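Because the structure is a prediction, the values reported are computed rather than measured. In what follows, every heavy atom counts, from backbone to side chain, and hydrogens, waters and symmetry copies are set aside.
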Amino acid sequence: MGATDEKWLTFILSQIVQNAIKYFDKQENKLTIYSQDNGTNILLVIEDNGCGIKASDLSRVFEKGFTGSNRNKANATGMGLYLSKKLCDRLGLKLDIASTEKEYTRLTITFPKGTVHNFSE
């Protein structure tokens, strides 16, 4: 992964983390980031216990300008996840989302093995 890719990946991660923080609504807010190796891919998972996303909105979160019906945030532009998805596509990564309203939101970035930087060397 080149410096440009790392820069875009940093952008993607910051968009996802900022989104998670923006929609925190619990007494005890949690943001969990972990990786999984499923044999063929490395998965990077970013999960929060915030307000979640309505099932009817879930399929639209990556659309340009989409802010959702339960989003009353003045600073929501609907561009963060849209740009993140576009960049992931360009970098050959997969970006998936899962959510249950009032419970959690989980974004997963899938890195195909072979494209993953080995930082231990």
Identified side-chain contact (heavy atoms from CB on, under 4.5 Å) partner of Phe111 from the options Asn41, Leu44, Leu43: Leu44
Close side-chain approach of Leu9 and Cys88, heavy atoms under 4.5 Å: no
Quick one: side chain to side chain donor-acceptor pair (under 3.5 Å) partners of Glu63, sequence neighbours excluded? Arg60
More than 12 heavy atoms of other residues, nucleotides or ligands under 6.0 Å from NZ of Lys26: is that the case? yes
Same cluster for Ile42 and Ile12 if Ile/Leu/Val/Met/Phe/Trp/Tyr side chains link at under 4.5 Å? yes
With heavy-atom distances below 4.5 Å as the criterion, would you say the side chains of Thr77 and Tyr82 are in contact? no
Could you tell me whether the side chain of Leu87 reaches within less than 4.5 Å of the side chain of Leu95, counting heavy atoms only? no
Which heavy atom of Lys85 sits nearest a heavy atom of Phe62, and at what distance? CB-CD2, 3.7 Å
Kindly give the heavy-atom pair with the smallest separation between Gly52 and Ser99, and that separation in Å. CA-OG, 3.4 Å
Contact check, side chains of Asp37 and Lys113, non-hydrogen atoms, under 4.5 Å: yes
Please give me the minimum heavy-atom distance between Gly80 and Gln15, naming the atom from each residue. CA-OE1, 3.1 Å
Contact between Asn29 and Asp48 at the side-chain level, heavy atoms closer than 4.5 Å - yes or no? no
In terms of hydrophobic clustering (I, L, V, M, F, W, Y; side-chain heavy atoms under 4.5 Å; direct or indirect links), are Ile16 and Tyr104 co-clustered? no
All heavy atoms of Asp25 vs all of Gly50, minimum pair found to be OD1-C, 3.3 Å
Should Tyr23 and Thr105 count as side-chain neighbours, where that means a heavy-atom distance under 4.5 Å? no
To the nearest 0.5 Å, what is the distance between CD1 (Ile21) and CD (Gln18)? 7.5 Å
Euclidean distance, Ile46 CD1 relative to Tyr34 OH, rounded to 0.5 Å: 10.0 Å
Is there a path of hydrophobic side-chain contacts, each under 4.5 Å between heavy atoms of I, L, V, M, F, W or Y residues, that connects Val45 with Leu81? no
Quick one: closest heavy-atom pair of Gly78 and Thr67, and the distance? N-CG2, 3.5 Å
So which pairs with a foot in residues 87-98 pass side-chain hydrogen bond (donor to acceptor under 3.5 Å, both in side chains), sequence neighbours left out? Lys94-Asp96
Would Val17 and Ile33 count as a side chain to side chain contact (heavy atoms under 4.5 Å, CB included) if you check the C-alpha gap in whole Å, the side-chain angles of each, and the deciding distance to 0.1 Å? CA-CA 9 Å; Val17 169; Ile33 302 174; 4.2 Å; yes
